[in-house]
Protein chains: 2
Amino acid sequence: MAEVAEFAAEPEASCDDLRSILSRVGEKWAPQVMGELDAAPRRFNELLRLVAPITPRMLTVTLRGLESDGLITRTVHPTVPPQVEYGLTRAGRKLFGILRTVASWTDENLPAVHSARAAYRAANG
Amino acid sequence: MAEVAEFAAEPEASCDDLRSILSRVGEKWAPQVMGELDAAPRRFNELLRLVAPITPRMLTVTLRGLESDGLITRTVHPTVPPQVEYGLTRAGRKLFGILRTVASWTDENLPAVHSARAAYRAANG
DNA sequence: CGGTATCCTAACGGATACTG
DNA sequence: CAGTATCCGTTAGGATACCG
């Protein structure tokens, strides 16, 4: 058993794996983009309008990030003009469900969060 | 009803509020610090050891951020030498519970995430 | 239509040294 | 013990313009 890490594909999520997912969905536009894709598959310019005022560059960056983690799919239909559809994967849909519970937490604890921020600013800077 | 926003303290979490929480817990050391505080109240140098190799500066930054959002408490006992205890608030404990479900998701979907990353790197850079 | 390229700034995060 | 101060490299994010 000297080669422990040879078949390291087993589900044993490290702290870094959790962190990479948290910062992925913590990216500025990620939640909104996932929200739109949870509602329906969307095309690039469609997202550009729905997630306004996002810029083309940031939409690309966000989509590529989510895609690279397997949270969304990118499907190119070889038509003229070109047509690209983005959608959530099953994993992405599940993860977005968890984000909804974070949103509920935020909703419930908004007063507490805001007063904590006010208190902190009052005490410090 | 012209002054809709006058008592805007009602729980109606905006998209920015969700995002601020997601990026708060997405900070590099936040999950580990919250995890240690979920296990028990801790003191500064205790955390410094437990969350190694975090630096004093980053621990301070992380703690101040969590405190300013009302997720943790900071209690100073006026003893000699000074003694400061950090702990999760009730809201912080609940939020950490949600982070656990994200951790479960990560655990389940680790293979998918890793193969998506490999595929993405293979296709692009 | 679905993106890139370039440039820029501000914020994040780390190393090291010092303090009430 | 519980932090601050200073410096500095890296990354996130935005503005603008252009391309297959």
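Here is the naming used below: chain letters follow the sequence lines, and residue numbers restart at 1 for every chain. Since the model is a prediction, treat every value here as computed from it, not as a measurement.
Atom C1' of nucleotide dG3(C) and atom CD of Gln83(A) are separated by 15 Å, given to the nearest angstrom. Distance, Gln32(B) CD to dG13(C) P: 13 Å, rounded to whole Å. One interatomic measurement links the two molecules: CE of Met58(B) to P of dC8(D), which rounds to 19 Å at whole-angstrom precision.
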Would Trp105(B) and Ile98(A) count as a side-chain contact (heavy atoms from CB on, under 4.5 Å) here? Give the steps. CA-CA 9 Å; Trp105(B) 181 97; Ile98(A) 301 180; 3.8 Å; yes
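For residues 19-30 of chain B, proximity to DNA chain C is found at Lys28(B), Trp29(B), defined as any non-hydrogen atom under 4.0 angstrom from a strand atom. Within residues 60-74 of chain A, the residues that place at least one heavy atom under 4.0 Å from DNA chain C are, in residue-number order, Thr60(A), Arg64(A), Arg74(A). Heavy-atom distances under 4.0 Å link DNA chain C to Thr55(B), Arg57(B) of residues 37-57 of chain B, given in residue order.
The distance from atom CD of Glu27(A) to atom CG of Leu22(B), rounded to the nearest 0.5 Å, is 11.5 Å.
In terms of phosphate contacts, Tyr86(B) brings a side-chain nitrogen or oxygen within less than 4.0 Å of OP1 or OP2 of dG3(D).
Ion pairing between a basic and an acidic side chain is recognised when a charged N comes within 4.0 Å of a carboxylate O; Arg43(B) and Glu85(B) show no such pairing.
Among the candidates Arg42(A), Glu46(A), Arg74(A), the single residue satisfying the side chain to side chain donor-acceptor pair (under 3.5 Å) test with Tyr86(A) is Arg74(A). Exactly one of Leu88(B), Leu50(B), Thr89(B), Leu66(B) qualifies for a side chain to side chain contact (heavy atoms under 4.5 Å, CB included) with Leu37(B). That residue is Leu88(B).
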